[in-house]
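Just so it is clear: chains get the letters A, B, ... in the order the sequence lines come, proteins before strands, and each one is counted from 1.
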There are 2 protein chains.
Amino acid sequence: MTVDPSTLPTRDRILHAALTMFGESRGATLSVRAVAARAGVSTGSLRFHFPTQRALLDEVLRVVYEVIAPEDPIHDESLTGEERLIACLRQVLAPSGVGAQAREAATLLHRAFIEPEQTDELRDAYLAMEREGQRRVEHWLSVLEKDGALPRGDNARRARFLNSVLAGLALERALPSDGSILASETNTLTMAVDAVFRDTGGAVR
Amino acid sequence: MTVDPSTLPTRDRILHAALTMFGESRGATLSVRAVAARAGVSTGSLRFHFPTQRALLDEVLRVVYEVIAPEDPIHDESLTGEERLIACLRQVLAPSGVGAQAREAATLLHRAFIEPEQTDELRDAYLAMEREGQRRVEHWLSVLEKDGALPRGDNARRARFLNSVLAGLALERALPSDGSILASETNTLTMAVDAVFRDTGGAVR
DNA sequence: ACCTGAACACCGTTCAAGT
DNA sequence: ACCTGAACACCGTTCAAGT
């Protein structure tokens with residue numbers, strides 16, 4: 001199942017190096033030189049296959065979410081509770097994609113629910129979607145609670161919070177950005193999940 | 001009321017140059033060399049007065065938001081640190097409005113930065129906006145730190161997190177909802193701010 | 001078509017040397 | 001104490017030159 005990178009075509013060697021580095025540390029600085037050196041190619045070659053650093057990082061994200069982790073990680077006992085929840089949230093984000101795909105997803109959402117006249121049907125359709133997202137997150141939280149990984153608390157409240165964070169991250173994927181979305185997204189997810197694990201209740205009153 | 005910068009002590013000359021540049025373009029890159037050149041001093045001198053670039057930018061923001069625009073709940077001593085930060089974040093959200101107004105704001109953002117072809121100018125324009133938002137939140141955090149209300153930590157990281165949360169809340173204001181956005185928003189802000197106050201650093205590794 | 005590596009134009013920070 | 005400017009260790013991108 002493992003690959004010998006040296007047998008791979010250059011483009012894949014570069015991608016493999018970047019993925020490895022990302023795997024070793026999700027916040028790693030995937031600079032041109034660092035990735036090129038790791039892959040054993042020149043910076044020029046890297047630029048040939050990935051015209052900008054953004055293009056490389058977008059591709060890294062796409063592979064991570066689409067190829068490597070497509071199955072539900074909530075039951076992965078090799079991970080801590082926090083890690084499991086983060087992995088699940090990343091799955092929610094995955095369909096929005098990155099780059100042009102993320103922009104398309106945002107456009108769809110906009111055309112469907114923001115632009116048109118706000119009728120009751122429209123509202124109901126959206127609320128149904130939202131409820132589903134809410135339930136999905138609540139489900140994960142309840143699994144973690146059952147495993148004793150997450151302190152008992154108000155999971156509805158926690159899930160609402162996480163969904164707001166996810167909405168923000170999805171929007172940010174569609175907006176322009178420098179090369180730092182990758183680390184920034186990891187950072188935000190980490191802080192949000194930490195908040196949930198430390199949350200001791202205190203619903204809004 | 002205007003000042004002749006050449007009569008100012010070096011530190012103030014540097015600050016004056018940085019403020020002028022910031023005033024000319026909120027998205028200006030206030031690099032060491034650019035500011036030093038504008039102030040007519042060496043990079044070494046700039047570093048002497050401002051040990052890091054962060055220190056300089058913090059001071060610029062402090063002056064902008066404190067001297068130029070001081071009517072800000074961040075200094076309301078009758079509130080706890082958490083409450084003050086929440087009040088400020090609500091101020092950020094306020095211009096997006098609610099209902100139809102929020103939808104219009106979301107449409108503007110969408111038309112300006114998501115729909116059109118992603119050129120360099122577009123990206124730069126958005127990144128400038130984003131940087132300003134980032135700096136604004138960082139400023140509030142640094143004030144709270146100085147007051148001893150917020151434990152020392154990585155404020156850049158904290159601000160990135162809060163801005164993601166704000167993006168999500170702004171989007172949710174534009175989307176359909178039942179009557180609970182208000183409470184939901186308060187809930188999310190509370191959890192996000194709690195997360196920041198409990199965050200003990202731990203940048204992404 | 002693919003790849004190299006130097007070169008360019010930037011960053012922020014450090015520091016020996018001057019006054 | 002204050003200031004200089006070179007030097008260091010980075011960035012991302014470009015490009016003539018090779019195969």
Side-chain angles (χ1 to χ4, degrees), chain A residues 5-18 21-22 25 27-61 98-99 176-184, chain B residues 5-18 21-22 25 27-61 118-124 126-128 130-131 134-135 138 142 154-157 159-160 203-205:
Chain A
S6 63
T7 66
L8 262 40
T10 306
R11 205 195 107 101
D12 291 340
R13 271 222 314 283
I14 294 167
L15 210 47
H16 182 267
M21 291 167 74
F22 184 70
S25 156
T29 314
L30 301 185
S31 78
V32 213
R33 285 164 189 77
V35 174
R38 182 70 165 256
V41 303
S42 66
T43 63
S45 181
L46 193 153
R47 264 299 145 275
F48 177 78
H49 290 288
F50 302 94
T52 67
Q53 206 59 8
R54 251 319 278 278
L56 171 62
L57 300 181
D58 279 358
E59 184 65 6
V60 167
L61 266 213
V98 285
S177 89
D178 50 15
S180 66
I181 8 151
L182 211 126
S184 178
Chain B
S6 64
T7 67
L8 262 42
T10 306
R11 206 194 106 103
D12 291 340
R13 271 221 315 280
I14 295 167
L15 209 47
H16 182 268
M21 293 168 72
F22 185 71
S25 157
T29 314
L30 302 184
S31 77
V32 212
R33 284 163 189 77
V35 174
R38 182 71 166 254
V41 303
S42 66
T43 63
S45 181
L46 194 154
R47 263 299 146 276
F48 177 78
H49 291 287
F50 302 94
T52 67
Q53 205 58 8
R54 264 312 290 270
L56 171 62
L57 300 182
D58 279 358
E59 185 65 5
V60 167
L61 265 218
Q118 304 285 303
T119 63
D120 281 358
E121 295 115 63
L122 187 82
R123 213 191 70 132
D124 290 349
Y126 176 75
L127 288 181
E130 194 192 48
R131 253 201 318 273
Q134 176 76 11
R135 285 198 193 137
E138 281 185 37
S142 75
D154 185 344
N155 283 345
R157 161 186 151 92
R160 269 196 307 279
V204 180
R205 225 163 301 281

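At the phosphate of C:dT4, OP1 or OP2 sits under 4.0 Å from a side-chain N or O atom of A:Ser45. At least one side-chain nitrogen or oxygen of B:His49 sits closer than 4.0 Å to the OP1 or OP2 atom of D:dC3.
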(request) Go through the steps for A:Arg54 and A:Ser177 under the test side chain to side chain donor-acceptor pair (under 3.5 Å), then give the verdict. (result) CA-CA 9 Å; A:Arg54 251 319 278 278; A:Ser177 89; 2.8 Å; yes
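Remark: C1' of C:dT13 and CZ of B:Arg54 are 16 Å apart, rounded to the nearest angstrom. One interatomic measurement links the two molecules: CD1 of A:Ile14 to C1' of C:dC3, which rounds to 10 Å at whole-angstrom precision. One can place CG of A:Leu8 at 12 Å from P of C:dC3, the figure rounded to the nearest angstrom. Summarising the geometry, the separation between CD on B:Gln53 and P on D:dC11 is reported as 18 Å, rounded to the nearest angstrom. Distance B:Arg13 CZ to D:dC2 P: 14 Å, rounded to the nearest Å. Between B:Phe48 atom CZ and D:dC3 atom C1' the separation is 8 Å, expressed in whole Å. Whole-Å rounding puts the B:Phe50 CZ to C:dT13 P distance at 13 Å. One interatomic measurement links the two molecules: CG of B:Leu127 to P of C:dC11, which rounds to 16 Å at whole-angstrom precision.
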(message) How would you summarise protein contacts on nucleotides 14-19 of chain C per nucleotide, using B for base, S for sugar-phosphate only and - for none, with heavy-atom distances below 4.0 Å?
(response) B-----
(message) Expected output check: what is the dot-bracket annotation of DNA chain D, where ( ) and [ ] are pairs inside the strand (brackets for crossing ones), | is paired with another strand, and pairs are Watson-Crick or G-U under 3.5 Å?
(response) ||.|||||...|||||.||
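Between B:Met21 atom CE and B:Ser31 atom OG the span is 6.5 Å, to the nearest 0.5 Å.
Under the salt bridge (charged side-chain N to carboxylate O under 4.0 Å, His left out) criterion, A:Arg47 pairs with no residue, sequence neighbours left out. Take B:Glu59 and apply the side-chain hydrogen bond (donor to acceptor under 3.5 Å, both in side chains) test, not counting sequence neighbours, and it matches B:Arg11, B:Arg62. Residues passing the ring pair (Phe, Tyr, Trp, His ring centres under 6.0 Å) test with B:Tyr126, sequence neighbours excluded: B:Phe113.
The two residues A:Arg38 and A:Ala17 have their closest heavy-atom pair at CG-CB, 3.7 Å. The nearest pair of heavy atoms linking A:Gln53 to A:Leu30 is NE2-O, 2.7 Å. Counting all heavy atoms, side chain and backbone alike, B:Arg123 lies closest to A:Pro176 at CG-CB, 3.6 Å. Closest of all the heavy-atom pairs between A:Leu56 and A:Phe50 is CA-CD2, 3.8 Å. Of all heavy-atom pairs between B:Thr43 and B:Arg33, the closest is CG2-CG, 3.9 Å.
Residues of residues 29-36 of chain A having a heavy atom closer than 4.0 Å to DNA chain D, listed by number: A:Ser31, A:Val32, A:Arg33.
Side-chain atoms of A:Thr52 lie closest to D:dT13 of the nucleotides C:dC3, D:dT13, C:dT13.
Side-chain polar atoms of B:Glu138 and B:Gln134 form a donor-acceptor pair below 3.5 angstrom.
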